[in-house]
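All of these numbers come straight from a predicted model, not from anything done at the bench. Sequential numbering from 1 along the given sequence is applied to the chain's residues.
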Amino acid sequence: MFSIDKFLYTLPFAIKGMIGIFIVILAIIASVYLLNFFTNKK
């Protein structure tokens, strides 16, 4: 069934993965913002 020891062992890996996904999403948002800023024709 559910093992607390296994959950606590895998928790740091899951947290690192979520932080990585968050950083990638922030990089995509920043690149879209910069492309909009530099290619704005106003």
Side-chain angles (χ1 to χ4, degrees):
M1 286 296 197
F2 185 74
S3 174
I4 287 290
D5 293 334
K6 291 180 183 177
F7 174 71
L8 292 177
Y9 175 74
T10 58
L11 194 60
F13 301 108
I15 291 173
K16 287 178 186 175
M18 289 179 194
I19 290 173
I21 292 170
F22 183 70
I23 289 172
V24 168
I25 290 173
L26 284 179
I28 291 171
I29 291 172
S31 63
V32 169
Y33 176 76
L34 287 174
L35 282 171
N36 262 343
F37 180 75
F38 287 120
T39 59
N40 198 357
K41 295 184 179 182
K42 286 185 180 178

Are I29 and F37 linked, directly or through intermediate hydrophobic residues, by side-chain heavy-atom contacts shorter than 4.5 Å (ILVMFWY only)?
no

By side-chain contact (heavy atoms from CB on, under 4.5 Å), which residues pair with I19, not counting sequence neighbours?
I15, I23

In short, ring pair (Phe, Tyr, Trp, His ring centres under 6.0 Å) pairs touching residues 8-31 with sequence neighbours left out are Y9-F13

Roughly how far, to the nearest 0.5 Å, is the OG1 atom of T10 from the CG atom of D5?
11.0 Å

